[in-house]
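So the structure is just underneath, and the comments pick up after that.
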Protein chains: 2
Amino acid sequence: MRSNPERRQALIDAAIEVLARDGARGLTFRAVDAEAAVPPGTASNYFANRDDLFTQVGGRIYERLLPDEATIARSREGLQDETRYAELMHELVDRISAFNSGYLALLELRLESTRRPELRAVLTKRIREDIDANIGYHAASGLPGDSTSVVLVYLALNWLIVERLTLPDIFTQQEIHELVDAAVRRSLNP
Amino acid sequence: MRSNPERRQALIDAAIEVLARDGARGLTFRAVDAEAAVPPGTASNYFANRDDLFTQVGGRIYERLLPDEATIARSREGLQDETRYAELMHELVDRISAFNSGYLALLELRLESTRRPELRAVLTKRIREDIDANIGYHAASGLPGDSTSVVLVYLALNWLIVERLTLPDIFTQQEIHELVDAAVRRSLNP
DNA sequence: AACGTAGTACTACAAGCGGAGTGGTGTCAA
DNA sequence: TTGACACCACTCCGCTTGTAGTACTACGTT
């Protein structure tokens, strides 16, 4: 088992692209090799088996979907009211939709996790942490709304992104925009 | 190309199970044959190619996820208020979660549709029709809420089901119940 | 009632593809 | 010199497809 960290990371990032493009079943050592443009057989040296590959990808992908620190810092500026909240959610949807393959790969991982207990454990932990972090961050930010509203917005936006990425003709850009606004506004009233 | 309708339907239903269990890439003629317990080569005779198989499954699966007529009839009874609305949504979530493999298969199809234009067209049409039907049905039912609230509930419940089916430990049964209630209640606020 | 025919079920085969895993060799740096 | 890694090549294996050929069954015809 090799341990060159940059190479390992490059392989994992390549695996994310493969997942998004070819699906979970298409995630093979050889496909990762090809995507990362390294000689065939390389991925075999970095991951014990496919299960290992899946869990390592599961551990990494979530980091790449989260906002970078500059974005977080920026989000704390200005008046923290409902309008600002909606603005932040628009940015969130755009950011995640932009990293198209990352989100699709995460969906593939979710589906694959019905077959791989280890992967499911990793994803459950990551996602539960993320939800809790969102709730905590929200409470500290001064934005309006309670924990239930945070979760409701999380639910609605996730499916909205699924819709946008998998069947882009269901909702127009305009409708998506309005739905984000509505999700924020309506979730706030208890 | 054979045309025995029961057999074709049995093959498509088998394909749904295969999709849910093995993913889109695992949906091969042979796997369908095995799942349907028919001799190998049979599926080859009923579908021109894999693309054809995918689109036929896409056309059928949605029917199986919709409520049967008895359920629809029952939903029209009683006082059509917010409590009743929540009750109907609980039933919806339970019903879809119960047909586990159907929903997972639909997710697999959505992901696969990023690679198959024909399938995407079929799914887009079906789902758009379903959303519109929901809106129309809702308007006629006397239940509270406008079209935006219907779509918001649709979004939230879909992701809630994804969460429940793919990572069941994220939310407890209790939390899911409360989230359905909250989604209905809050979506009604204009 | 016997026959013929069409459609379907079943079986078998040939060929190809793609992946896994591993072992050997070259290379670089400590 | 030694150890870790990159690269390359080779073998084995499993699975899928597509089709051709044969057997069966039901139905309509005479």
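To find a chain, count down the sequence lines: A is the first, B the second, and so on, and within it residues start at 1.
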Between [N] ([atom2]) and [X] ([atom1]): distance, integer Å:
X: Leu53(A); N: dG19(C); atom1: CG; atom2: P; result: 13 Å
X: Asp22(B); N: dG14(D); atom1: CG; atom2: C1'; result: 15 Å
X: Asp51(B); N: dG18(D); atom1: CG; atom2: P; result: 12 Å
X: Asp33(B); N: dT17(D); atom1: CG; atom2: P; result: 9 Å
X: Asn4(B); N: dA6(C); atom1: CG; atom2: C1'; result: 14 Å

Is there a donor N/O on one and an acceptor N/O on the other, under 3.5 Å, for the side chain of Arg7(B) and the base of dA9(C)?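 When only heavy-atom distances are counted, Arg7(B) does not reach the base of dA9(C) through any donor-acceptor pair under 3.5 Å.
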Please check this pair: side chain of His138(A) against backbone of Pro144(A), looking for a donor-acceptor N/O pair closer than 3.5 Å.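 Side chain of His138(A) to backbone of Pro144(A): a pair is present.
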Indicate yes or no for a side-chain donor-acceptor contact from Thr71(A) to the backbone of Pro67(A) under 3.5 Å, with no hydrogens or angles considered.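 Absent.
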Can you tell me if Arg110(A) and Thr166(B) form a side-chain donor-acceptor pair at under 3.5 Å?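 There is such a pair between these side chains.
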Regarding Ser3(A), tell me which of base, sugar-phosphate or nothing describes its non-hydrogen contacts under 4.0 Å with the strands shown.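 The residue Ser3(A) makes sugar-phosphate contact but no base contact.
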Select from Arg2(A) and Pro39(B) the residue whose nearest nucleotide in DNA chain C is closer to the 5' end of that strand.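 The 5'-side residue here is Pro39(B).
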Give me the distances for all protein-to-nucleotides 20-23 of chain C N/O pairs that come in under 3.5 Å?
from: dA20(C); atom 1: OP2; to: Phe29(A); atom 2: N; distance (Å): 3.3
from: dA20(C); atom 1: OP2; to: Arg30(A); atom 2: N; distance (Å): 3.4
from: dA20(C); atom 1: N7; to: Arg30(A); atom 2: NH2; distance (Å): 3.3
from: dG21(C); atom 1: O6; to: Arg30(A); atom 2: NH2; distance (Å): 2.4

Which residues pass the side chain to side chain contact (heavy atoms under 4.5 Å, CB included) test with Asp169(A), not counting sequence neighbours?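 Thr124(B).
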Report yes if at least one side-chain N or O of Tyr46(B) is closer than 4.0 Å to OP1 or OP2 of dA9(C); otherwise report no.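 Indeed, a polar side-chain atom of Tyr46(B) lies that close.
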Can a cation-pi geometry be assigned to Arg8(B) and Phe47(B), taking NZ or CZ under 6.0 Å from the six-membered ring centre and within 45° of the ring axis?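 The answer is yes, since Arg8(B) meets both limits relative to Phe47(B).
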Assess whether a salt bridge exists between Asp146(B) and Arg186(A), defined as any Lys/Arg side-chain N lying under 4.0 Å from an Asp/Glu carboxylate O.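 So Asp146(B) pairs with Arg186(A) through a salt bridge.
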